[in-house]
Amino acid sequence: MRSLAAMTGLLVLAGCASEVPTEQPTMYANMTEPGARLDAQAAATMISLYRKNNGVGAVVIDPELMKIAEGQSQAMASRNKLDLDVKAPLPKRLQTAGYPTTLAVENVSAGYHTLAEAFSGWRDSPPHRANMLQMGVTKMGIAASYAPNTKYKVFWTLILASTEPREQSGIPIPTGKTD
């Protein structure tokens with residue numbers, strides 16, 4: 001009788017364990033779903049790990065770059081247009097915001113519904129990959145804007161920058177022109 005009770009208890013516990021919802025990593029959050037929010041910290045972690053695996057330093061979230069990236073994504077979404085210069089070229093947007101950058105690059109994309117998809121698209125594109133691995137950048141801003149009545153639905157912007165004085169290393173200054 002005791003063993004039957006023990007078996008029943010184990011089956012009940014096993015049943016409860018299988019009903020515990022498993023949480024999906026935020027990098028797979030679908031930006032087209034109601035209430036979806038981009039996890040900027042997950043993006044910074046993902047990009048920093050990728051950079052470290054390729055021999056360059058990590059990046060941290062910068063609130064000002066987040067605002068600038070959001071403005072770019074919203075401008076692309078409102079115009080239904082994938083374009084680095086939809087609002088203005090990156091140097092002009094940084095200057096207008098009063099952001100004291102000494103180095104900045106930008107990736108934009110559209111049509112990817114998750115952070116994982118956007119990251120993979122950038123990683124697999126040589127110019128976007130080069131921007132993500134740009135030496136000397138230490139800060140980032142990222143945004144995704146959802147526009148349901150557009151061709152692409154989700155518009156992404158990633159800005160990587162530095163405010164540190166640049167050494168005269170002979171490395172060409174990137175133009176930031178990668179879409």
Practice prompt. Among residues two or more places apart or on two chains, list those pairs meeting salt bridge (Lys or Arg N to Asp or Glu O under 4.0 Å) that have a residue in residues 31-47.
Written response: none

Worksheet item: If you look only at pairs with a residue in residues 43-66, which of them pass as a salt bridge (Lys or Arg N to Asp or Glu O under 4.0 Å), with sequence neighbours excluded?
Response: Glu64-Lys67

Any donor and acceptor pair, going by atom type alone, linking the side chain of [X] with main-chain N or O of [Y] inside 3.5 Å?
X: Thr114; Y: Asn30; answer: no
X: Ser78; Y: Ala75; answer: yes
X: Asn107; Y: His128; answer: yes

Could you go through residues 155-165 and list every donor-acceptor pair under 3.5 Å that involves a side-chain atom there, pairing it with any protein atom two or more places apart or in another chain?
{"residue": "Trp156", "atom": "NE1", "partner": "Tyr112", "partner atom": "O", "Å": "2.7"}
{"residue": "Thr157", "atom": "OG1", "partner": "Ser73", "partner atom": "N", "Å": "3.4"}
{"residue": "Thr157", "atom": "OG1", "partner": "Ser73", "partner atom": "OG", "Å": "2.8"}
{"residue": "Ser162", "atom": "OG", "partner": "Gly136", "partner atom": "O", "Å": "3.4"}
{"residue": "Ser162", "atom": "OG", "partner": "Glu164", "partner atom": "N", "Å": "3.0"}
{"residue": "Thr163", "atom": "OG1", "partner": "Lys139", "partner atom": "NZ", "Å": "3.0"}

Discussion item. Test of understanding: clusters of I, L, V, M, F, W, Y form through side-chain heavy atoms closer than 4.5 Å, transitively. Do Leu49 and Val59 belong to the same one?
Written reply: no

Discussion item. With a 4.5 Å cut-off on side-chain heavy-atom distances among I, L, V, M, F, W and Y, is there a chain of contacts connecting Val60 to Leu65?
Written reply: no

Give the table of side-chain donor-acceptor pairs shorter than 3.5 Å for residues 140-152, with sequence neighbours excluded, one pair per line with atom names and distance.
{"residue": "Ser145", "atom": "OG", "partner": "Gln74", "partner atom": "N", "Å": "3.3"}
{"residue": "Thr150", "atom": "OG1", "partner": "Ala147", "partner atom": "O", "Å": "2.6"}
{"residue": "Thr150", "atom": "OG1", "partner": "Lys153", "partner atom": "N", "Å": "3.1"}

Output a table of donor-acceptor pairs, distance under 3.5 Å, between side-chain atoms of residues 86-97 and any protein atom two or more places apart or on a different chain; print 'none' if there are none.
{"residue": "Arg93", "atom": "NE", "partner": "Gln72", "partner atom": "OE1", "Å": "3.4"}
{"residue": "Arg93", "atom": "NE", "partner": "Ala88", "partner atom": "O", "Å": "2.7"}
{"residue": "Arg93", "atom": "NH1", "partner": "Gln72", "partner atom": "OE1", "Å": "3.4"}
{"residue": "Arg93", "atom": "NH1", "partner": "Glu106", "partner atom": "OE2", "Å": "2.9"}
{"residue": "Arg93", "atom": "NH2", "partner": "Leu84", "partner atom": "O", "Å": "3.1"}
{"residue": "Arg93", "atom": "NH2", "partner": "Glu106", "partner atom": "OE1", "Å": "2.7"}
{"residue": "Arg93", "atom": "NH2", "partner": "Glu106", "partner atom": "OE2", "Å": "3.2"}
{"residue": "Thr96", "atom": "OG1", "partner": "Lys92", "partner atom": "O", "Å": "2.8"}

Worksheet item: Should Met46 and Met27 be marked as a side-chain contact (heavy atoms from CB on, under 4.5 Å) after you check the CA-CA gap, both sets of side-chain angles, and the distance that decides it?
Response: CA-CA 9 Å; Met46 181 186 301; Met27 68 181 171; 3.1 Å; yes

Worksheet entry | Residues that Tyr99 engages under ring pair (Phe, Tyr, Trp, His ring centres under 6.0 Å), provided they are two or more places apart | none

Fill in: From CD1 (Ile47) to CG (Leu115), nearest 0.5 Å
7.0 Å

Worksheet, complete the sentence: Only one of Asp83, Leu82, Asp85 passes side-chain contact (heavy atoms from CB on, under 4.5 Å) with Val108, and that residue is Leu82

Item to complete: Kindly indicate whether the side chain of Tyr50, heavy atoms from C-beta on, has any atom under 4.5 Å from the side chain of Met132.
Response: yes

